[in-house]
Undergrad: 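Here's a structure for you.
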Amino acid sequence: MKNIVILISGGGSNMAAIARAAQKEAWQEKRGLRIAAVISNQADAPGLALAKNLGLSTDVLSHKSFDSREAFDAALMACIDQHAPALVVLAGFMRILTPGFVQHYAGRLINIHPSLLPAFTGLNTHQRAIDAGCRVAGATVHQVTAELDHGAILAQAAVPVLPGDTAQTLAARVLTQEHLIFPQAVRSFF
Ligand SMILES: Nc1nc2c(c(=O)[nH]1)N[C@@H](CN(C=O)c1ccc(C(=O)N[C@@H](CCC(=O)O)C(=O)O)cc1)CN2
Ligand SMILES: NCC(=O)N[C@@H]1O[C@H](COP(=O)([O-])[O-])[C@@H](O)[C@H]1O
């Protein structure tokens, strides 16, 4: 069995899209893939209840409980490694990970980013795309490296930026595409 561990910080809709695809496509029975755990750095993340409702094991490790990024990452690695993951998936996980963490999971750590990388690394991508006058926006699934949002691109999807779009309306349009490309990218990883 190859275990997948998913890290979240908030709503968990991408986590849920992956879990639903895994159930619908019988990943465990047909591919020997299972989502072993969903781990959040936010105790109040709505995605935790969503994961439980989907029958998934959950855990919480708050970064606020640690006095350094390195200490949090070390504890997070220990929590993750209980599941011997073949793949660690960042699904709206909102912490920048240290080089030590990235190295430990090198080649088996992926993320979804809400822009068409290499454009708009970092945060607030939708407002930045609107402010820049972009006509298209989108999302990218990529390998995670120490350098933020710079890893090898695994999948992308583009959507139009429409007149009158706000960051919220654009985010919603991009999110629908995220829910399509992320499960496909996870499945194709193996
Ligand atoms: N070393 C890496 N860590 C992470 C990557 C990466 O590519 N390399 N991807 C991010 C995901 N992400 C964008 O896709 C992202 C997440 C968080 C931040 C950020 O500035 N976080 C702040 C805290 C913000 C908050 O708590 O709301 C921080 O960590 O200080 C930027 C980009 C995941 N990690
Ligand atoms: N830089 C990371 C980042 O901004 N990720 C973005 O957070 C949202 C999480 O939604 P979800 O929790 O409902 O999957 C998604 O749009 C994802 O691309």
Side-chain angles (χ1 to χ4, degrees), residues 5-21 35 38-51 53-54 56 58 60-74 76-77 80 88-129 137-159 166-186:
V5 172
I6 302 177
L7 306 187
I8 67 171
S9 293
S13 71
N14 272 291
M15 171 277 299
I18 294 166
R20 291 183 177 117
I35 300 171
V38 175
I39 303 170
S40 175
N41 66 307
Q42 298 284 2
D44 61 351
L48 289 167
L50 186 51
N53 289 339
L54 289 163
L56 301 174
T58 64
V60 174
L61 195 69
S62 173
H63 60 281
K64 297 167 187 169
S65 303
F66 298 86
D67 58 12
S68 73
R69 202 176 287 270
E70 288 73 17
F72 170 65
D73 281 14
L76 183 58
M77 287 161 62
I80 293 167
V88 179
V89 176
L90 307 182
F93 184 71
M94 296 304 290
R95 299 298 296 176
I96 296 173
L97 295 159
T98 59
F101 183 103
V102 172
Q103 180 56 39
H104 184 74
Y105 296 109
R108 55 183 174 127
L109 180 62
I110 66 175
N111 175 59
I112 192 155
H113 179 77
S115 80
L116 292 173
L117 291 175
F120 306 119
T121 59
L123 298 175
N124 304 314
T125 59
H126 303 305
Q127 190 58 58
R128 290 159 62 197
T140 303
V141 180
H142 64 95
Q143 294 269 9
V144 173
T145 60
E147 186 176 3
L148 191 63
D149 303 329
H150 274 72
I153 291 172
L154 302 176
Q156 291 189 305
V159 300
T166 64
Q168 291 71 33
T169 59
L170 181 54
R173 192 173 309 122
V174 171
L175 196 59
T176 65
Q177 295 303 310
E178 294 182 36
H179 295 164
L180 298 177
I181 67 172
F182 212 4
Q184 291 170 358
V186 171

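For ligands, and for the atoms within them, numbers begin at 1 and follow the listed sequence.
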Undergrad: Would you confirm whether R128, through its side chain, and L123, through its main-chain N or O, come within 3.5 Å as a donor-acceptor pair?
TA: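 Yes.
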Undergrad: Considering only heavy atoms, which of E147, K64, M94 lies nearest to atom 26 (O) of ligand 1?
TA: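 Considering heavy atoms of E147, K64, M94, the nearest to atom 26 (O) of ligand 1 sits in M94.
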Undergrad: Report, in ascending order of atom number, the atoms of ligand 1 lying under 4.0 Å from any heavy atom of L97.
TA: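 What qualifies from ligand 1 is 1 (N), 2 (C), 3 (N), 4 (C), 34 (N).
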Undergrad: Would you say that H179 contacts R20 through its side chain, given a criterion of any heavy-atom pair below 4.5 Å between the two side chains?
TA: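 Counting from C-beta outward, H179 and R20 never come under 4.5 Å.
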Undergrad: What protein heavy atom sits nearest atom 20 (O) of ligand 1, and how far away is it?
TA: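 The closest heavy atom on the protein side is L123 CD1, 3.5 Å.
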Undergrad: If we only count N/O pairs under 3.5 Å, is V102 in contact with ligand 1?
TA: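 No, since none of the N or O atoms of V102 sits under 3.5 Å from an N or O of ligand 1.
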Undergrad: Under 4.0 angstrom from ligand 1, any heavy atom of A146?
TA: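 For ligand 1, residue contact (heavy atoms, under 4.0 Å) with A146 is present.
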Undergrad: With atoms numbered from 1 as shown, which atoms in ligand 1 lie under 4.0 angstrom from a non-hydrogen atom of F93?
TA: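 What qualifies from ligand 1 is 11 (C), 16 (C), 33 (C).
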Undergrad: Nearest protein heavy-atom contact for atom 2 (C) of ligand 2: which residue, which atom, what distance?
TA: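 Among all protein heavy atoms, the one nearest atom 2 (C) of ligand 2 is M94 SD, 3.6 Å.
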Undergrad: Can you tell me which residue and heavy atom of the protein come closest to atom 8 (C) of ligand 2, and the distance to 0.1 Å?
TA: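 Ranking protein heavy atoms by distance from atom 8 (C) of ligand 2, first comes G92 CA, 4.5 Å.
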Undergrad: Considering only heavy atoms, which of P46, S115, P114 lies nearest to atom 5 (N) of ligand 2?
TA: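 Nearest option to atom 5 (N) of ligand 2, by heavy atoms: P114.
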Undergrad: To the nearest 0.1 Å, how far is atom 1 (N) of ligand 2 from its closest protein heavy atom, and which atom is that?
TA: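 Atom 1 (N) of ligand 2 sits closest to the protein heavy atom H113 ND1, 3.9 Å.
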Undergrad: Side chains of L170 and V159: does their closest heavy-atom pair fall under 4.5 Å?
TA: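 A side-chain contact under 4.5 Å exists here.
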Undergrad: Compare all side-chain heavy atoms of Q184 with those of V141 and state whether any distance is below 4.5 angstrom.
TA: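 The answer is no, as the side chains (C-beta and beyond) never meet within the 4.5 Å cut-off.
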Undergrad: Measure the shortest side-chain to side-chain distance between Q156 and I181 over non-hydrogen atoms and say whether it is less than 4.5 angstrom.
TA: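 SC-SC contact between Q156 and I181 ruled out.
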Undergrad: Describe, in one word, how the ring planes of F72 and F93 are oriented to each other, choosing from parallel (under 30°), tilted (30 to 60°) and perpendicular (over 60°).
TA: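 Rings of F72 and F93: parallel, under 30°.
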Undergrad: So which protein heavy atom does atom 8 (N) of ligand 1 come closest to, and at what separation?
TA: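 The answer is T145 O, 2.9 Å.
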Undergrad: Suppose I only count heavy atoms of V144 and a 4.0 Å limit; which atoms of ligand 1 are within that range?
TA: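 Under 4.0 Å from V144, ligand 1 has these atoms: 2 (C), 6 (C), 7 (O), 8 (N).
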Undergrad: For residues I80 and Y105, determine if any side-chain heavy atom of one lies less than 4.5 Å from a side-chain heavy atom of the other.
TA: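 Of all side-chain heavy-atom pairs linking Y105 with I80, at least one is under 4.5 Å.
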Undergrad: Do you know which two heavy atoms are closest between A19 and L54, and how far apart they sit?
TA: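 Smallest interatomic distance, heavy atoms only, reads CB-CD1, 4.0 Å.
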Undergrad: Give the atom numbers and elements of ligand 2 that come within less than 4.0 Å of a heavy atom of E178.
TA: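 Here the atoms of ligand 2 in question are 15 (C), 16 (O), 17 (C), 18 (O).
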Undergrad: Check L175 against ligand 2 and report side chain, backbone, both or neither, counting heavy atoms closer than 4.0 Å.
TA: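 Answer for L175: side chain.
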Undergrad: Give a yes/no verdict on whether any heavy atom in G12 is under 4.0 Å from an atom of ligand 2.
TA: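 Contact present.
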Undergrad: Is there side-chain contact between L76 and L7, with at least one heavy-atom pair below 4.5 Å?
TA: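 A side-chain contact exists here, since the closest heavy-atom pair is under 4.5 Å.
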Undergrad: Under 4.0 Å from a heavy atom of R69: which atoms of ligand 1 are those, numbered in the order shown and with their elements?
TA: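 Listed by number with element: 28 (C), 29 (O), 30 (O).
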Undergrad: State the atoms of ligand 1, each with its element, that fall below the 4.0 Å cut-off from a heavy-atom position in H142.
TA: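 Those atoms are 7 (O).
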Undergrad: When you measure from atom 5 (C) of ligand 1 to every protein heavy atom, which one gives the shortest distance, and what is it?
TA: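 Sorting protein heavy atoms by distance from atom 5 (C) of ligand 1 puts L148 CD1, 3.5 Å first.
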Undergrad: Which one of H63, R95, H113 has a non-hydrogen atom at the shortest distance from atom 13 (C) of ligand 1?
TA: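 Checking each option, the heavy atom nearest atom 13 (C) of ligand 1 is found in H113.
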Undergrad: Would you check the N or O atoms of G122, main chain and side chain alike, for any that come under 3.5 Å of an N or O of ligand 1?
TA: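 By distance alone, the answer is no.
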Undergrad: For side chain to side chain contact (heavy atoms under 4.5 Å, CB included), just list the numbers for L154 and H142, CA-CA rounded to whole Å, side-chain angles, deciding distance to a tenth of an Å, and then say yes or no.
TA: CA-CA 5 Å; L154 302 176; H142 64 95; 5.5 Å; no
Undergrad: Using side-chain heavy atoms (C-beta onward) and a distance below 4.5 Å, is L90 in contact with L97?
TA: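 Yes - at least one pair of side-chain heavy atoms lies under 4.5 Å apart.
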Undergrad: Would you say the side-chain atoms of H113 and T125 include a donor-acceptor pair closer than 3.5 Å?
TA: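 Short answer, no.
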Undergrad: Do V38 and S40 come within less than 4.5 Å of each other through their side chains, counting heavy atoms only?
TA: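 When only atoms from C-beta onward are counted, S40 and V38 do not touch, as no gap falls below 4.5 Å.
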Undergrad: What's the shortest distance from atom 7 (O) of ligand 1 to any protein heavy atom, and which residue and atom give it?
TA: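 For atom 7 (O) of ligand 1, the nearest protein heavy atom comes out as D149 N, 2.8 Å.
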Undergrad: Just to confirm my output: which protein heavy-atom neighbour is closest to atom 13 (O) of ligand 2, and how far is it?
TA: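 For this ligand atom, the closest protein heavy atom is S13 OG, 2.5 Å.
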